[in-house]
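The sequence lines fix the lettering, A, B, ..., with proteins before strands; numbering per chain opens at 1. Nothing here was measured: the structure is a model prediction, and the numbers come from that model.
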Amino acid sequence: MKLVVTEKNDAAQKIADLLGVKKPKADKVYSTPVYRFDVDGEEWVTIGLRGHILEPDFTPSMVYKKRGGWQGVTEEGETFPADLPATLPKPPFKKKKPFTEDGVELKTWKMDALPYLVYAPIKKQPKEKEIIRSLKNLAKKADSVIIATDFDREGELIGSDALSCIQEVNASAPVSRARYSAFTKEEITHAFSNLVELDVNLASAGASRQDIDLIWGAVLTRYLTLVKFAGYGNVRSSGRVQTPTLALIVAKERERLAFVPEDYWVIRGAFGAEPDAFEAPHATARFKVEAEAQAVMAHVEGATAATVSSVEKKKRTVQPPAPFNTTSLMAAASAEGISPARTMRIAESLYMDGYISYPRVDNTVYPSSLDLAETVRAISGNPAYAPYCKELLAKGELKATRGKKETTDHPPIYPTAKATPDDLAPADYKLYNLIARRFLATLSEAAVIEGTKVTLDVNAEPFVAKGDVLVKPGYRAIYPYGLKKDEQLPALSEGETIAFGGATCTKKQTEPPARYSQGKLIQEMEKLGLGTKSTRHSIIERLYTVKYIQNDPIEPSQLGMAVCDALDKFAPHITHPEMTAELEEEMDNIAEGRTTKAQVVDTSRNLLSEQLASLLPHSEEVKDALADAVAADAYVGPCPKCGKDLQLRASQKTRGMFIGCAGWPDCDVTYPLPKGKVEAVPEPCPTCGMPQVKVTAFRSKPRTICIDPNCSTNKEPDVEVGECPACKANGKTAKLIAQKNPRTLKRFIRCENYDECGTGYPLPQYGALAATGEVCEHCGAPMVVVTTNRGPWRLCPNFDCPGKEQDEGKKDAKAGAKKPAAKKPAAKRKAPAKKA
DNA sequence: GCAAGGTC
């Protein structure tokens with residue numbers, strides 16, 4: 001039997017399809033899917049891994065006293081470092097540790113152990129145990145093995161890890177490597193009939209990246225976390241990619257802080273008469289000196305007519321955009337309000353459901369094997385695209401735009417099946433729509449815009465009106481994203497006199513450079529070589545979860561700035577993107593055989609050791625800086641009782657947030673907070689003067705609320721929403737009241753006779769609530785209307801209402817029928833049937 | 001309780 005190992009299940013299936021003469025048989029080994037088929041009478045099996053199946057980690061080890069010096073030792077008795085650098089401090093000695101003499105364990109997070117952790121041995125540990133089990137099971141029966149993971153450095157490493165698992169159970173089977181960069185019949189057949197050897201050097205280049213990332217990440221993360229301990233689960237991380245990324249954000253904020261706004265004055269005149277009235281600014285767009293602006297105002301004072309001194313028209317064409325790769329998709333989606341991390345989550349599920357092609361690509365050029373017309377036809381079933389698709393297809397041969405990056409591993413992201421708003425949840429459709437329209441745009445003609453520049457003369461003062469009109473929409477007809485509105489000017493001719501309705505002079509200020517949006521940051525990371533297409537979004541998300549950054553456009557928290565400053569001062573190597581550039585260079589050297597993994601990792605360890613040695617003596621300073629930053633981030637306002645700081649805090653028990661006084665335990669002032677992400681807001685409540693916080697509940701827009709439950713903005717009158725059905729069944733009459741608990745701010749419906757009948761329903765926690773007077777047809781609960789900023793939402797509050805499932809079922813059946821036949825409908829992807 | 005990189 002021939003065993004073929006791919007990087008993912010998808011690839012295993014595709015390769016089986018392309019190599020098998022007959023349709024491959026889908027099978028399972030334990031819980032892992034495999035594909036069996038015959039080639040010239042020989043049995044072949046393909047199995048897909050799940051990316052890396054092994055993961056490096058420190059081996060259990062400790063530092064102990066040796067005659068004449070100090071030594072690290074692993075559980076297996078291996079000692080490290082080979083030559084202890086003289087700069088290493090003496091480790092402290094503790095009594096009785098599990099496996100050797102007195103010492104300090106490296107597994108426990110201890111500041112004293114960090115200098116040794118730098119040199120601690122690393123071993124590959126199993127990560128995907130189920131896959132490894134299945135792989136070994138197949139390997140035992142294999143006569144030969146073909147590694148067919150992706151054709152890149154990480155692919156070589158994944159393949160090499162798989163091979164080491166295979167050889168644990170079968171050391172004799174011959175091994176070869178298939179290298180392909182597209183799932184086409186020709187490419188795959190060619191790769192499997194021209195097998196090569198696994199590139200061990202390339203794999204160890206990847207392995208050195210793993211080790212270096214782990215060592216630097218672990219040492220610096222532990223340092224930052226331990227230097228100012230803030231409770232378990234409160235990690236302050238650092239890493240080769242995330243820290244330089246944070247530094248970019250901090251540098252931008254510094255630029256903004258250093259920015260000194262300058263005053264300038266803008267003069268705008270009113271011209272023409274309704275309905276052709278329009279405004280135009282003075283030819284000097286910005287007056288830096290007020291007196292000059294006032295002089296112009298004096299010149300035009302009292303004027304009632306303007307002369308058209310020139311009319312210039314210029315046509316310009318705007319070329320249609322290039323096909324989407326991961327980065328450009330994330331940037332475009334980010335501009336539409338979908339974060340890169342969310343974009344990738346949605347894209348992954350659209351891909352799995354067969355709506356779009358593989359979403360992790362660098363390529364921006366459609367391969368010739370992609371049938372563009374067929375794809376247009378496939379999505380033309382969506383009525384919103386139908387007329388445009390028809391036009392495109394009528395043109396005959398389709399010609400697509402080409403981006404700058406051309407690789408052959410996967411095609412750029414394009415739609416693979418039709419979807420309509422009924423098939424997908426709203427956010428999913430929003431992304432699908434962007435991808436489908438972009439695809440059509442790349443096949444379209446350029447847009448032609450006519451720009452008009454009219455110079456108007458008022459008492460010898462020039463005013464300039466500019467207008468832009470789309471004269472030939474081209475791709476703009478299907479791809480309106482980022483489109484400015486037309487600014488139409490009335491038809492004017494040179495020498496014409498029109499009415500002048502006076503001018504206004506406004507004082508303005510220059511603006512600091514803009515913060516990064518998530519999309520812009522991803523593009524900047526790509527430019528600097530930070531992270532990969534598949535990881536950049538998760539790096540940014542990581543910075544949010546450790547609370548180094550907040551909001552979008554992104555601003556650093558005080559903590560983020562403090563971490564960045566501390567590292568930049570004492571361990572600057574980790575804060576610069578050059579660390580990645582240097583690592584890339586070293587990895588090339590390893591791949592080319594000019595150096596070895598051991599050498600590169602050792603050099604990196606020594607460098608980290610130096611950086612740590614410069615960090616450790618300044619721990620007090622770093623600790624204070626972090627403590628101040630954390631306090632500043634948590635500060636919401638002064639305590640009304642004792643005047644100390646009110647702070648955002650996490651409850652130890654529930655992990656929920658609340659506001660507590662820094663004077664605790666002397667001062668017991670606390671305020672409850674609703675569920676969701678909470679941030680401090682500088683402005684106090686306009687109604688009562690207490691501090692406010694910004695609360696972002698799951699999948700909701702942020703809202704700003706006063707922290708005082710007794711503030712009138714938090715009070716809500718009880719609303720009578722109907723009669724209690726349970727009491728009615730018992731022959732009694734009782735009202736159902738919607739109310740808000742003044743202590744917890746939770747809103748719910750309860751029967752006024754609750755103590756006896758126990759009837760209660762949950763309610764959405766915000767939005768204006770109103771009774772409808774109607775009763776749910778399924779369960780008899782009172783229907784209510786909640787109006788949020790997304791509009792009114794009519795709902796039955798009964799969590800167990802039998803009507804809920806029925807509605808979901810109907811929607812599923814309807815959507816399922818429209819799905820592409822090959823893919824199974826995924827129930828979880830459907831839009832929840834809630835808005836009526 | 002660490003990173004970054006694959007993929008789900």
Could you tell me whether [X] contacts a base, only the sugar-phosphate backbone, or nothing, with contacts defined as non-hydrogen atoms closer than 4.0 Å?
X        : answer
A:Gly217 : sugar-phosphate
A:Gly48  : nothing
A:Ile539 : sugar-phosphate
A:Glu128 : base
A:Ser534 : base

Check whether A:Tyr30 forms a cation-pi arrangement with A:Arg133 (NZ or CZ under 6.0 Å from the six-membered ring centre, at most 45° off the ring normal). yes

Do you know which of A:Glu586, A:Glu582, A:Glu156, A:Glu154 makes salt bridge (Lys or Arg N to Asp or Glu O under 4.0 Å) with A:Arg209? A:Glu154

Do you see a donor-acceptor pair shorter than 3.5 Å between the side chains of A:Thr535 and A:Thr532? yes

Using a distance-only test with no angle check, is there a side-chain donor-acceptor pair under 3.5 angstrom linking A:Asp353 and A:Tyr432? no

Could you check how far [atom1] of [X] sits from [atom2] of [N], rounded to whole Å?
X        : N     : atom1 : atom2 : value
A:Phe58  : B:dA3 : CZ    : P     : 11 Å
A:Glu584 : B:dG5 : CD    : C1'   : 12 Å
A:Leu350 : B:dC8 : CG    : P     : 15 Å
A:Leu246 : B:dA3 : CG    : P     : 13 Å
A:Lys110 : B:dC2 : NZ    : P     : 17 Å
A:Leu543 : B:dA4 : CG    : C1'   : 13 Å
A:Ile212 : B:dG5 : CD1   : P     : 13 Å
A:Lys8   : B:dC8 : NZ    : P     : 7 Å

Nearest-neighbour nucleotide for the [X] side chain, [options] considered:
X        : options             : answer
A:Arg50  : B:dG1, B:dT7, B:dG5 : B:dT7
A:Gln242 : B:dA3, B:dG5, B:dG1 : B:dA3
A:Ser237 : B:dG6, B:dA3, B:dC8 : B:dA3
A:Lys127 : B:dG5, B:dC8, B:dG1 : B:dG5

Give a yes or no on whether a donor-acceptor pair under 3.5 Å exists between the nucleobase atoms of B:dC2, that is its base, and the side chain of A:Asp57.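 Check passes, donor-acceptor contact within cut-off.
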
Between the side-chain atoms of A:Glu55 and the base atoms of B:dA4, is any donor-acceptor pair under 3.5 Å? yes

Could you say whether A:Trp109 or A:Ile53 is positioned toward the 5' end of DNA chain B, judged by the nucleotide with the nearest heavy atom to each? A:Trp109

Between A:Arg542 and A:Glu7, just flag the one whose closest nucleotide in DNA chain B comes earlier from the 5' side.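 Of the two residues, A:Arg542 wins.
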
Does [X] place a side-chain N or O at less than 4.0 Å from the phosphate oxygens OP1/OP2 of [N]?
X        : N     : answer
A:Tyr223 : B:dC2 : no
A:Arg222 : B:dG1 : no
A:Thr225 : B:dC2 : no
A:Thr535 : B:dG5 : yes
A:Arg240 : B:dG5 : yes

Count the heavy atoms belonging to other residues, nucleotides or ligands that lie under 6.0 Å from NZ of A:Lys623, then report whether that count exceeds 12.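 At most 12 heavy atoms, drawn from other residues, nucleotides or ligands, come within 6.0 Å of this atom.
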
Other residues, nucleotides and ligands only: do more than 12 of their heavy atoms fall within 6.0 Å of NZ on A:Lys569?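 No, NZ of A:Lys569 has 12 or fewer neighbouring heavy atoms, counting only those of other groups under 6.0 Å.
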
